[in-house]
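The structure appears right after this line, and notes come after that.
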Amino acid sequence: MSFDPLIILSERFKQAIAAAFPDQPASRDADPLITPGRNPQLADFQSNAAMPLGKALGKPPREIASAILAKLDLTAIAEPFTDASIAGPGFINIRLSAAALAGLLGRLDTPSLGIDLPEHPHRIVVDLCGVNLAKQMHVGHLRSIIIGDALARTLTRLGHTVVRQNHVGDWGLNIAMVTAKAQAEHAAGRLSFSDLSLDDLERLYKLAQRECSADERGLAAALRWWAHPKAVAELETQVTGAREELAKAKATLVRLQAHDPETVAAWQRIADITMRACLETCARLHADVRAEHSAGESSYSEELALVVDDLARRAVAEESNGALVVRCEGIDEPCLIRKSDGGFLYATTDMAAIRRRVQKLGASRVIYCVDIRQGLHFKQIFCAAHKAGYAATPTGPALLEHAGFGMVLGEDGRPYKTRTGENIKLTDLIDEAIERAGAVVAAKSPDLPPAERARIAEVVAIAAIKYADLSNDRARDYVFSFDRMLAFEGNTGPYLLYALARTRSILRKAAEQPGGPPAPTQGAGAPLRLTEKHEKELALALLRYPGALRSVAQSLEPHRLCQYLYDLAGAFSAFYTNCPVLTAQGDATRASRLRLCALTERLLADGLNLLGIETVDRM
Ligand code: ARG
């Protein structure tokens with residue numbers, strides 16, 4: 001049985017509703033609509049079921065509410081019903097009994113913090129990071145790493161097997177362009193592969209892009225409007241040059257595909273430099289993205305022709321103006337899987353990826369943490385994959401989900417960039433956060449030894465960046481503000497770290513008291529006495545933890561866990577202000593309150609860990 005009051009009450013109400021209106025189909029699957037009490041003075045929880053039921057059955061909701069109450073058995077859970085139990089148009093108010101709360105909380109206080117293994121654990125692929133070769137990581141990459149890591153951790157915590165996949169953009173014409181450029185520069189003696197930096201690569205990448213893009217339209221316009229012959233000549237040179245560069249890049253792609261050793265070696269060097277920087281940044285962010293999670297686009301290169309042939313042979317795909325497309329009902333634009341020149345696309349690789357993830361890796365759920373602007377792409381490939389049977393498992397189709405995220409904006413409301421309009425390098429951003437956090441920590445805790453302060457600054461900085469990202473609604477854009485994310489008040493990373501450090505300090509002090517129990521066992525097993533309002537409210541907040549995790553797993557919205565932890569920290573703060581712990585009257589009360597502190601400590605630490613946030617003992 002669950003110990004989440006929301007679930008227990010939902011079950012009891014469902015039974016009561018069915019019993020109160022036995023012959024009414026509307027009552028069989030009526031939602032009990034249990035929510036936390038709107039007015040905590042009156043109710044811990046309430047059911048709003050009587051209103052829609054009244055409508056369906058054509059009866060006054062208050063009458064419905066009394067009929068439900070007559071069948072509702074909440075002995076040993078709630079306080080007895082009174083006249084005030086039905087309020088307003090027909091809300092049913094419930095007050096849990098202190099003894100029931102204590103009993104439930106006691107059952108949450110297990111090593112797993114009440115998270116039971118699921119009946120049917122899933123294998124879940126989380127697609128995260130997805131950097132591209134020869135490009136610096138910038139703020140745009142932050143979200144996929146942070147959100148993907150938090151979702152992966154939460155799903156693992158709930159007992160599922162998670163396989164992380166870093167779908168690195170390391171293949172195709174763009175990558176061939178930069179490889180060709182690097183080889184040409186090397187041949188001309190202007191570049192050494194041994195001391196090439198990611199900055200050098202990014203410059204080469206941009207140069208190659210520019211040189212390969214022919215201004216065909218400009219030339220056509222110039223010819224049409226009888227532009228000055230010199231202008232036309234210049235444009236003609238540009239276009240011819242670009243066509244030549246593009247031809248070279250295409251030849252390089254062919255050599256790459258044919259495993260030409262020299263070309264592959266140059267490409268590998270570019271991949272190594274990019275991935276070293278990428279994995280270092282992930283490690284600094286305390287995000288679990290490692291080399292073994294890489295499954296770049298190149299890893300599918302041998303499978304693309306097979307996938308396309310398979311789709312064509314089984315008539316899942318059809319010809320359209322020389323190209324090959326998969327049409328899907330309800331989506332206007334078909335999914336393009338082979339261009340008319342025979343080239344494969346981003347979507348082709350993603351089709352091969354779904355096939356591998358479901359058929360080989362055994363995933364029954366695949367979650368893509370990718371920019372929300374790629375929404376159409378994912379709609380198309382999900383639909384095409386289902387149509388092709390690539391997402392089929394023995395127990396039904398795998399769940400394919402795009403956990404899309406919005407942009408990171410600057411304080412001017414535009415995409416976050418440097419003043420000169422450059423992308424902000426992720427490493428620079430982290431450095432700046434650590435520097436700023438260092439100043440904040442030095443001001444707040446001047447007495448801590450410098451080495452500890454430096455460590456705290458690092459943890460606070462990363463917590464601030466990650467929490468600011470995770471606590472915002474995933475699908476929306478958010479404004480990046482160092483000042484706001486580093487504040488110690490409000491719904492921020494530093495605030496939660498501070499709240500946790502405070503629980504730890506109380507437990508430390510308790511251990512130092514004469515005759516006090518050793519820190520890790522404080523209050524363990526002590527009978528819980530939840531008599532004060534703030535004790536009850538803290539207990540209720542603690543009991544909501546499993547539900548909060550489940551809602552993150554279902555909605556793929558980490559901000560729900562952030563909001564939960566923030567609420568818990570608030571409940572703890574109110575408890576601590578109003579209910580003395582170390583100086584409590586009587587050993588039993590003191591032990592009970594210490595146990596509440598210890599539970600809060602474990603739960604905050606566990607929750608922050610699921611967000612990928614490290615913690616400190618004091619700050
Ligand atoms: N490299 C891609 C980009 O920069 C992201 C990859 C996302 N994952 C995927 N399976 N398509 O947009």
Side-chain angles (χ1 to χ4, degrees), residues 124-149 151-152 162-178 198 201-202 205-206 209 267 270-271 274-275 277-279 281-282 287 289 293-301 303-304 307 326 335-337 344-361 363 365-386 388 390-391 398-408 415 423 425-426 474 556:
I124 304 175
V125 163
V126 174
D127 184 304
L128 77 177
C129 193
V131 292
N132 300 308
L133 290 204
K135 286 198 208 164
Q136 281 284 2
M137 290 172 88
H138 57 81
V139 274
H141 296 107
L142 199 56
R143 303 208 72 188
S144 179
I145 296 167
I146 294 180
I147 297 170
D149 187 42
L151 292 177
V162 172
V163 183
R164 291 156 199 254
Q165 293 279 280
N166 185 357
H167 195 81
V168 181
D170 61 359
W171 205 246
L173 197 54
N174 286 334
I175 304 302
M177 280 180 202
V178 65
L198 189 49
L201 280 178
E202 191 166 56
Y205 185 91
K206 286 186 181 151
Q209 288 283 317
W267 172 84
I270 294 170
T274 312
M275 290 320 289
C278 166
L279 299 182
T281 306
C282 289
V289 178
H293 303 136
S294 287
E297 295 186 21
S298 62
S299 75
Y300 299 98
S301 62
E303 295 163 31
L304 301 185
V307 162
V326 180
C335 180
L336 187 56
I337 55 160
F344 301 133
L345 302 102
Y346 188 46
T348 325
T349 309
D350 261 323
M351 288 295 281
I354 292 180
R355 197 176 69 150
R356 184 191 296 170
R357 290 166 180 189
V358 177
Q359 306 307 328
K360 266 225 180 104
L361 303 181
R365 190 176 181 189
V366 187
I367 297 166
Y368 292 80
C369 299
V370 184
D371 193 320
I372 199 159
R373 288 170 296 179
Q374 295 193 24
L376 176 63
H377 165 75
F378 285 109
K379 250 197 202 152
Q380 290 173 324
I381 61 157
F382 292 170
C383 175
H386 284 304
Y390 290 170
L399 194 56
L400 308 175
E401 290 168 287
H402 177 201
F405 50 78
M407 280 191 290
V408 182
N423 281 327
K425 273 202 243 168
L426 217 40
R474 168 168 58 66
L556 304 178

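Quick note: numbers below take in every heavy atom, side chains included, and nothing from hydrogens, waters or symmetry partners. For ligands, and for the atoms within them, numbers begin at 1 and follow the listed sequence.
Between Phe344 and Ile337 the shortest heavy-atom distance is CD2-O, 3.9 Å. Nearest heavy atoms, Asp170 versus Ser298: OD1-N, 2.6 Å.
Shown here are the ring pair (Phe, Tyr, Trp, His ring centres under 6.0 Å) partners of Tyr390, two or more places apart in sequence or in another chain: there are none.
Ion pair Arg143/Asp371 not flagged as a salt bridge, since none of the NZ, NE, NH1 or NH2 atoms sits closer than 4.0 Å to an Asp/Glu carboxylate oxygen.
Ligand 1 is surrounded by Asp127, Gly130, Asn132, His167, Tyr346, Asp350, Tyr368, Val370, Gln374, Phe378, each with at least one heavy atom closer than 4.0 Å.
For Phe382 and Tyr368, the distance between ring centers is under 6.0 angstrom.
In this pair, Tyr346 and His377 present their aromatic rings parallel. The plane angle is below 30°, not in the 30 to 60° band.
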